[in-house]
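Quick note on labels: first sequence line is chain A, next is B, and so on, each numbered from 1.
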Protein chains: 2
Amino acid sequence: MDHIDRALLARLQQDATQSYATLGQAVGLSAGAAHERVRKLRERGAIRRTTIEVDPAAVGSAVLAYVMVESSSWMGDSAPAFAALPEVLEAHVIAGSASVLVKVRTATTEQLQDVLRRIYAIDGVSGTQATVVLETFFERPLSPQESGADGHL
Amino acid sequence: MDHIDRALLARLQQDATQSYATLGQAVGLSAGAAHERVRKLRERGAIRRTTIEVDPAAVGSAVLAYVMVESSSWMGDSAPAFAALPEVLEAHVIAGSASVLVKVRTATTEQLQDVLRRIYAIDGVSGTQATVVLETFFERPLSPQESGADGHL
DNA sequence: GGTGAAATGTGGTTGTT
DNA sequence: AACAACCACATTTCACC
């Protein structure tokens, strides 16, 4: 994981459809060398997958909310329960009074209410506090930092 | 935006490297037709871009936090100020006591503190409340819903 | 808006240094 | 670990329906 790998990651985040020839030229490598670098980044798990970014509004998910989930017991093994709700895009165990923070997208506020109901039904959940997003300034991918070169990989 | 388009989006989210032949076969279309569908989805903006998913730990961003930003004035045009901080991955205007919610990734808690300092320096910001993530259960892409077919596109 | 096929370009592999 | 050359296949375009 050197500066060339980070440059490759940054370029691929912007556009994963470009050829290895283009990619290699951008970082001063041949197409084959760039290909090999990217292959190893995938192998190591630094690149998890290549995917598309979908406009939420285009697929009918106009409502975005973050929900603080309070619990009365240890929630460390409740991941599958949250994963079972397709509207839940992220779930994190957090420090603080609430114990789990989830990101939810739905088509309407009525559907959001229904998701909250289903979250409430999860074992150990004692309360929810939803924060509805009025406007998204931006959402962007993680940019490979210059510092903190290698996080244990 | 019919059920075939949604199936294409779902498949491409899982793996954007598969061929149009495979893609077409999965939805009952020829390679050329699948290609044309996807081209139009890109044109309309339903597909924003093709990108890679990077493991945060691999690029040295082990610390994840959500920050509630309280303000003393209208923050509606403060998007560029937040966008100027590379560690800020998302910024949303929210309903509730705080006015902006941001998602931050850094290598260390010291760097997180520095980001909070820079957020504090943004015009109109009167306070911050950071919630540090202890463990991420999952982060996944939006799955094209069966309902809510077309959100104004 | 779909099909099938032709041509251009890329992915992925192999040899070599 | 990088380069160059190779072949198979995917992308892209086109005429036709």
Side-chain angles (χ1 to χ4, degrees), chain A residues 1-55 57-60 141 144-153, chain B residues 1-55 57-60 141 144-153:
Chain A
M1 178 64 63
D2 57 5
H3 72 102
I4 293 181
D5 283 332
R6 278 192 292 277
L8 290 171
L9 290 177
R11 296 234 162 218
L12 284 172
Q13 277 184 332
Q14 290 171 350
D15 178 14
T17 67
Q18 65 195 301
S19 71
Y20 287 112
T22 308
L23 212 48
Q25 194 174 357
V27 300
L29 254 58
S30 72
H35 183 52
E36 179 67 7
R37 288 256 192 176
V38 173
R39 192 192 63 73
K40 285 179 181 169
L41 286 170
R42 285 185 206 280
E43 196 179 57
R44 285 181 231 156
I47 296 176
R48 289 187 174 147
R49 60 172 160 183
T50 72
T51 183
I52 55 169
E53 233 182 71
V54 173
D55 177 14
V59 293
Q145 314 274 78
E146 287 309 318
S147 61
D150 49 347
H152 79 61
L153 285 186
Chain B
M1 177 64 62
D2 58 5
H3 71 101
I4 294 181
D5 283 333
R6 278 191 291 278
L8 289 172
L9 290 177
R11 297 230 162 223
L12 284 172
Q13 277 185 330
Q14 290 171 350
D15 178 14
T17 66
Q18 66 193 300
S19 72
Y20 288 112
T22 308
L23 212 48
Q25 195 174 359
V27 300
L29 256 58
S30 70
H35 181 52
E36 179 67 7
R37 288 256 192 175
V38 173
R39 193 192 61 76
K40 285 179 181 169
L41 285 169
R42 285 185 206 281
E43 197 179 57
R44 285 181 231 156
I47 296 175
R48 289 189 172 143
R49 62 172 157 184
T50 304
T51 183
I52 55 169
E53 235 182 68
V54 173
D55 177 14
V59 292
Q145 314 275 77
E146 286 311 316
S147 62
D150 48 348
H152 78 62
L153 288 186

Restricting to side-chain contact (heavy atoms from CB on, under 4.5 Å), what partner residues turn up for A:R48, sequence neighbours left out? B:E53, B:D55, B:P56

Rounded to whole angstroms, how far apart are CD on B:E43 and P on D:dT12? 14 Å

For residues 16-38 of chain A, which residue pairs qualify under salt bridge (charged side-chain N to carboxylate O under 4.0 Å, His left out), counting only residues two or more places apart or in two chains? A:D2-A:R37, A:D5-A:R37, A:E36-A:R39, A:E36-A:K40

Any pair with a residue in residues 7-30 of chain A that passes salt bridge (charged side-chain N to carboxylate O under 4.0 Å, His left out), sequence neighbours left out, goes on the list, sorted by first then second residue, please. none

Closest approach of A:M1 and A:R44, non-hydrogen atoms and distance? N-NH1, 3.7 Å

Sequence neighbours left out, what pairs pass ring pair (Phe, Tyr, Trp, His ring centres under 6.0 Å) with at least one residue falling in residues 24-52 of chain A? A:Y20-A:H35

Sequence neighbours excluded, which residues qualify as side chain to side chain donor-acceptor pair (under 3.5 Å) partners of A:T51? none

Expressed as a whole number of Å, how far does the P atom of C:dG12 sit from that of D:dT12? 15 Å

Strand DNA chain C as a dot-bracket string - pairs counted if Watson-Crick or G-U with both distances under 3.5 Å, | where the partner lies in another strand: |.||||.|||||||.||

Value in whole Å for how far the C1' atom of D:dT12 lies from CG of B:L23: 15 Å

Over how many whole Å does the gap from A:R37 atom CZ to D:dA1 atom P extend? 7 Å

Under the side chain to side chain donor-acceptor pair (under 3.5 Å) rule, collect the residues that match up with A:Q13, sequence neighbours excluded. none

Would you list the protein and nucleotides 11-17 of chain C atom pairs, both N or O, that sit under 3.5 Å from each other?
{"unit_1": "C:dG11", "atom_1": "OP2", "unit_2": "A:Y20", "atom_2": "N", "d": "3.1"}

Rounding to a whole Å, what distance do you find between B:Q25:CD and D:dA10:C1'? 15 Å

Atom pairs and distances, donor-acceptor, side-chain atoms in residues 21-30 of chain B, under 3.5 Å, two or more places apart:
{"unit_1": "B:T22", "atom_1": "OG1", "unit_2": "B:S19", "atom_2": "OG", "d": "2.9"}
{"unit_1": "B:S30", "atom_1": "OG", "unit_2": "B:A33", "atom_2": "N", "d": "3.3"}

